Peer 1: 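Mind having a look at this structure? Questions to follow.
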Amino acid sequence: MSSKNHRSHNAQEVLSRLGKKLSRQIAGSMVACVHCGMCTNSCHYVLANPGDPTYAPAYKADRIRKLFKRHYDWTGRVFPWWVKAGSVFSDEDLEELKDTVFGKCTNCRRCSVNCPMGVDLATFNRMARGLLVSVGIMPEGVAVVSKDQWEIGNQMGVLKEDYLDTLDWMSEELQAELDDPAVAIPVDKPDCEIVYSINPREVKYDPRTISDAAKIFYFAGENWTMPSEGWDMTNFGLFSGDDDLGGAVARRLFEKVSELRGKKLVISECGHGYRSTRCEGPNWAKFDVPFEMESSIITMLRYLKEGRIHVDKTRNSEPVTFHDSCNNARSCGMFEEPRELLRLVTTDFREMYPNRAENFCCTGGGGAMSMSEYTPRRLKSAVVKANQLKATGAKVVVTSCHNCVDGLNDLIRHYKLDMRVTQLVNLVANALVVPARVAVPAGGPPEIPGEAVEAFAAERPVLADRTIVVADDEPDQVTLLATIFEDHGATVYRAYSGDEALEAARSRKPDLLTLDLAMPGRPAAEVFEMLRKDAGLVDLKICVRSERPELRQTIYEQAVRPPEGYLDKPVDEQSLLRSVRKILELAH
Amino acid sequence: MPKTTAERVRIGRSSLRLIRGDITELDVDAFVYYARHDLTLGSGFGTAISQRGGPAIQKELSQLGPLETGQAVATGAGKLKAGCIIHAVGPRFNEADTAGKLRRTVLAALTVAEEKGVKRIALPPMGAGFYAVPLDLCARVMVETFQEYLQGRTGIEEVVLCVMDQREFAPFAARLALQEA
Ligand code: SF4
Ligand code: SF4
């Protein structure tokens, strides 16, 4: 038991560690508050508990600030009563502080963006959490999750065999769905363009998000892989305030991507995972990251813009609204990209108000979903979010965060809203126009069962009755493609420039034209546009080819129907045939 | 130039080896689990032990607890490859005298192993990570304790230090190099 003269070991530890945590930013936030109250109504806890001052951001901040004032600011040492300086003496005092910093704040930062003095409560609330964790004072759920992430390597304790089994299972389902044995989730493949990292929740509760992402990578012709270890991009260190955990988790991921020599780390849709990995991770881990990092939102948007995937947005015709995750939006500034993507893949998007930086927390942020002792408080505060959702009239709420998915699902159940929650990856996968994928992944073409192609060819050449124009300035390339097409029954016309391609298309009226994008003379984009605008060629299918993917952008920027497909160079015979057959079967 | 890292050193008639891996999957006579006072397996390595090893281990533990800091007990390892598991309760969360308590905990685990006739024993970085024992302190105390213990009469032929990642590997490899020098 502690008296005012005797401080418990834990209280003493917390106070001495506080001194080491005082960065300039935190110290600035500690002294800047003028108690103007402007942040008060920013907080969903306050709005749901109007008569209870203990939920006010400035009140909560004062629980921590008083320690700073008493022990690290001269004003508190000289005039403690005036500046409300105070201290902690016993473990009970620390338990009380725990109730505030874990149980009354989701670190959503909405108050921070509404403070004219720049006070960032969420940052020092996180710091206070970290101080308590360092002496073992934390909600049981936080302890369970942190220990899993420290020792198993992911915050849901998913064992390696279960993770790999899930990837196998998803691969099998995709193979069955797409009728292509080549669709498999590659694991630990070195030298890929993309290493894809996920939230363990996807393995445990939502494996469809993994298979949907795999499907998108497959149709984009991406050269990608998933790591067998270090695959968890979430980081409970962000929530618990434990920078050591933050650094250890981020480092495992960074080291694995480096070991695989991945060119880019793509982070699946998860707000806190994105913030921890991309924004905070390199600092926590003190790691000079040698590769790019990107949210999968950006990856999917890029694929659409580059024409690497095609979608039919009418497949997502229910009214949808978008919930900005606090970490993606307020903390990382990702406001417009998810909306742009959403507009491309859905037909009825309605904003929720307020939105973007002013959006309210899903109430499951800051690790709140793991702290069951505070569930009644959380659900009470969720009335704010429930009202926001209801006002949209949407049937579907889309969010780019697994934590938000759980928080929103819980409040939708609690407040009996007629809505469901989904993510962008699900909507994009659902809208995919399947035959559009015709790229050949670098590092080798997918295995196509040769017997199947041959058996078919034995009955009837697969390109019988087809007319194809091959346009390329390199004679070798023309000969290669023309020979393959002719061997399989097509009639082929050769063109070695843009003008020759135009001429051949107009005179021969082919079913398909393969257009190289780097021919000298008339620019390929212009040739493409002229072909598309030619009234006599409305049925012409065009497949663009290039070894420089960036050139495709010029084609997809034209205000005409995009090409039916594209082919990377080089290409092997089976992939080429398979792709061309798909394009020819594709209806406009 | 002396080596700055090492992965294996000899101490007396035994050897001390540093590896990266999952301690719960090792084929050793015993591995050490950094246990709770009440001997509930809980999460982390506890998840791996109960899921891979089966319920018998927790059942056996329910007859053995609670333990004080610095004590250790052995149980069977269920369906795991190891011969047995030594559950050792060490210092946690920056409590007073962490180094002294950690040393006693490591010694307690080795003593239990000795009693069971264990020849190969694996230990994790005891208390580092979740329980917040600083990694450098952990590496220093563990290696010093092995040095002290293995110099004496012992049936333990090999101590395996099983770490999870490079971050944990580095301070132990540096300690072993000092040992070797
Ligand atoms: S808005 Fe800023 S200055 Fe005003 S009470 Fe809130 S934290 Fe303090
Ligand atoms: S960070 Fe969010 S939950 Fe915490 S006090 Fe501010 S508005 Fe409220």
Side-chain angles (χ1 to χ4, degrees), chain A residues 8-10 12-14 16-17 91 94 130-138 140-162 200 229-230 236-237 240 242-256 258-259 284-287 370, chain B residues 20-25 31-38 40-54 69 79-81 89-98 101 123-138 162-171:
Chain A
S8 73
H9 173 80
N10 285 342
Q12 188 54 52
E13 275 289 320
V14 163
S16 54
R17 282 162 185 275
D91 288 5
L94 298 180
L131 293 173
L132 293 175
V133 164
S134 72
V135 294
I137 294 181
M138 64 190 113
E140 179 62 18
V142 171
V144 168
V145 175
S146 302
K147 194 163 187 285
D148 267 339
Q149 197 158 28
W150 270 116
E151 296 175 3
I152 302 288
N154 67 81
Q155 59 162 283
M156 288 197 173
V158 175
L159 299 179
K160 187 173 179 180
E161 56 270 30
D162 296 333
E229 290 171 336
F236 216 71
S240 70
D242 180 352
D243 290 348
D244 286 343
L245 175 59
V249 172
R251 178 172 277 272
R252 285 175 195 160
L253 182 53
F254 297 156
E255 283 179 351
K256 186 68 191 178
S258 303
E259 178 195 314
W284 288 334
K286 299 181 181 59
F287 196 93
S370 66
Chain B
R20 263 185 72 169
D22 182 339
I23 195 166
T24 66
E25 294 212 292
F31 71 79
V32 177
Y33 176 56
Y34 206 82
R36 292 162 54 129
H37 290 283
D38 66 2
T40 306
L41 284 170
S43 63
F45 290 133
T47 306
I49 292 171
S50 39
Q51 286 191 25
R52 291 180 181 143
T69 300
K79 290 182 263 169
L80 294 170
K81 287 185 214 140
V89 179
R92 53 206 59 216
F93 301 119
N94 297 296
E95 66 182 70
D97 188 24
T98 292
K101 287 173 182 166
L123 297 96
M126 300 276 280
F130 175 66
Y131 288 115
V133 172
L135 204 43
D136 282 331
L137 179 144
C138 174
C162 182
V163 300
M164 269 193 77
D165 53 27
Q166 187 54 32
R167 182 187 144 276
E168 291 180 342
F169 193 91

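Being a predicted model, the structure only gives us computed values, none of them experimental. Reminder, nothing fancy here: chain letters follow the sequence lines and each chain counts from 1.
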Peer 1: To check you understand the geometry: which heavy-atom pair defines the closest contact between A:I152 and B:A48, and what is its length?
Peer 2: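 That would be CD1-CB, 3.9 Å.
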
Peer 1: Name, in order of residue number, those residues of residues 246-253 of chain A that have a heavy atom at a distance of less than 4.5 Å from a heavy atom in chain B; otherwise write 'none'.
Peer 2: A:A248, A:R251, A:R252

Peer 1: Which bit of A:E140 is near chain B, if near means a heavy-atom gap under 4.5 Å: side chain, backbone, both or neither?
Peer 2: side chain

Peer 1: Find out whether A:E151 and B:Y34 are in side-chain contact, i.e. whether some heavy atom of one side chain is under 4.5 Å from a heavy atom of the other.
Peer 2: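 Of all side-chain heavy-atom pairs linking B:Y34 with A:E151, none is under 4.5 Å.
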
Peer 1: Which bit of A:L245 comes within less than 4.5 Å of chain B, counting heavy atoms only: side chain, backbone, both or neither?
Peer 2: neither

Peer 1: What part of A:A143 gets closer than 4.5 Å to chain B, counting heavy atoms only: side chain, backbone, both or neither?
Peer 2: both

Peer 1: Check this for me, if you would: do A:K160 and B:E25 make a salt bridge, where the nitrogen-to-carboxylate-oxygen distance has to be below 4.0 angstrom?
Peer 2: no

Peer 1: Between A:Q149 and B:F130, is there a side-chain heavy-atom distance shorter than 4.5 Å?
Peer 2: no

Peer 1: Under 3.5 Å, is there a donor-acceptor pair between the side chain of B:N94 and the main chain of A:S134?
Peer 2: yes

Peer 1: Between B:Y33 and A:K147, which heavy-atom pair has the shortest distance, and what is it?
Peer 2: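 In terms of heavy atoms, the two residues are closest at OH-NZ, 3.0 Å.
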
Peer 1: Under a 4.5 Å heavy-atom cut-off, does chain B meet the side chain of A:M156, its backbone, both or neither?
Peer 2: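 Answer is neither: A:M156 stays 4.5 Å or more from chain B.
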
Peer 1: With a 4.5 angstrom heavy-atom cut-off, is it the side chain or the backbone of A:D242 that approaches chain B, or both, or neither?
Peer 2: neither

